[in-house]
Amino acid sequence: MLKMKNNILKITAVLGLSAVLFTSCGPKDNTPLVYFPDMYFPVAYDPLMKAQDAYSDHENEIPAFVKNNGATGLSPVEGSVAQNKDGIFAEGKLPKNPDEYNAGYDASKTVSTSPLNPANAEKDIERGKFLFERTCAACHGTGGDGQGPIVQSGAYAGVPNYADREITVGSVHYVLTNGRNAMGSYAGQLNPGDRWRVAMYVMNAFKKGAATPAATPAATPAATTESTETKK
């Protein structure tokens with residue numbers, strides 16, 4: 001009797017398991033409840049559009065999104081450092097073709113003062129030195145003579161000596177921003193304000209202090225400052 005009961009239990013278990021297997025391999029027209037649906041239906045958010053759930057019709061009620069009219073592109077966290085904290089750069093003014101580049105470069109050579117606050121000139125130049133030695137000196141040399149370790153190794157040549165160049169703080173900033181000849185843009189390595197600080201240091205250290213800002217902000221005409229926001 002006990003043996004018969006055991007056989008019945010075994011048969012029941014086999015039939016139950018078979019039913020589960022056959023059911024799981026069947027049509028998917030009536031799919032079961034899905035836990036953690038985000039893992040199965042990932043949502044690609046457009047940061048400027050209202051977020052829509054791919055698996056539900058309910059309104060997205062995440063508080064941060066609601067406060068932003070549903071958009072998922074949120075504002076920077078309070079206290080974070082802005083990339084353009086000096087507020088002196090406009091991406092839309094970057095040159096888009098060789099003619100614009102050449103015209104901008106020529107205009108940049110007329111700029112002899114930085115748009116940064118002249119009261120902070122000493123600190124700005126000090127930071128410019130710090131950044132120059134870590135970003136530029138490998139080619140330009142710590143003395144600005146174009147004899148950095150990369151040049152001395154023979155791997156690269158043709159880096160000019162600043163002392164022999166007709167440059168201004170504006171033209172140095174322009175080249176840092178847009179590149180020139182074999183030198184590429186350093187806009188990805190230095191933020192807008194720091195590019196001016198490096199340019200100020202170059203002029204102060206290698207061109208006898210010509211980069212120090214004017215005594216008052218009024219010394220730099222508004223139109224000139226605006227035209228050089230994207231220039232080196």
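Numbering of residues begins at 1 and proceeds along the displayed sequence. This structure is a prediction, so every number in the text was calculated from the model and none was measured.
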Cluster question for you: counting only ILVMFWY and a side-chain heavy-atom cut-off of under 4.5 Å, with indirect links fine, are Ile150 and Val159 together? yes

Could you tell me whether the side chain of Leu190 reaches within less than 4.5 Å of the side chain of Leu131, counting heavy atoms only? yes

Any Lys/Arg nitrogen of Arg127 or Asp124 sitting under 4.0 Å from an Asp/Glu carboxylate oxygen of the other? no

Within the distance-only criterion (no hydrogens, no angle test), does the side chain of Lys129 pair as donor or acceptor with the backbone N or O of Val202 below 3.5 angstrom? no

Interatomic spacing from CG in Leu116 to CE in Met200 - rounded to 0.5 Å: 6.0 Å

Closest heavy-atom contact between Val111 and Thr113? CG1-O, 3.4 Å

Is the number of heavy atoms from other residues, nucleotides or ligands under 6.0 Å of Phe132 CZ greater than 12? yes

Heavy-atom nearest pair, Pro149 first then Ala137, reads CD-O, 3.7 Å

Once rounded to the nearest 0.5 Å, what's the spacing between atom CG of Asn178 and atom OH of Tyr105? 11.5 Å

Checking the side chain of Asp145 only, and the main-chain atoms of Gln147 only, is there a donor and an acceptor separated by less than 3.5 Å? yes

Once rounded to the nearest 0.5 Å, what's the spacing between atom CG of Asp194 and atom OH of Tyr186? 14.5 Å

Identify whether Phe130 and Val198 are in the same connected component of the hydrophobic contact network (ILVMFWY, side-chain heavy atoms under 4.5 Å). yes

Rounded distance [0.5 Å steps], OH in Tyr201 versus CZ in Phe206: 4.0 Å

Residues, nucleotides or ligands: over 12 heavy atoms within 6.0 Å of Arg180 CZ: yes

Starting at SG of Cys139, measure out to CD of Gln152 and round the result to the nearest 0.5 Å. 11.5 Å

Got a sec: does the CD of Glu122 have more than 12 other heavy atoms crowding it under 6.0 Å? no

Should Val151 and Val175 be regarded as members of a common hydrophobic cluster, given that ILVMFWY residues are connected when their side-chain heavy atoms come within less than 4.5 Å of each other, either directly or indirectly? no

Please confirm whether the backbone N or O of Thr177 pairs with a side-chain atom of Ser185, one donor and one acceptor, at under 3.5 Å? yes

Has Glu126 got more than 12 heavy atoms of other residues, nucleotides or ligands less than 6.0 Å from its CD? no

Kindly compute the distance separating CG (Asn161) from NE2 (His140), expressed to the nearest 0.5 Å. 10.5 Å

Side-chain donor or acceptor of Asn102 paired with backbone N/O of Pro98 under 3.5 Å: yes

Would Lys109 and Ile167 satisfy side chain to side chain contact (heavy atoms under 4.5 Å, CB included), going step by step from the backbone distance to the final call? CA-CA 7 Å; Lys109 298 191 88 170; Ile167 58 176; 5.7 Å; no

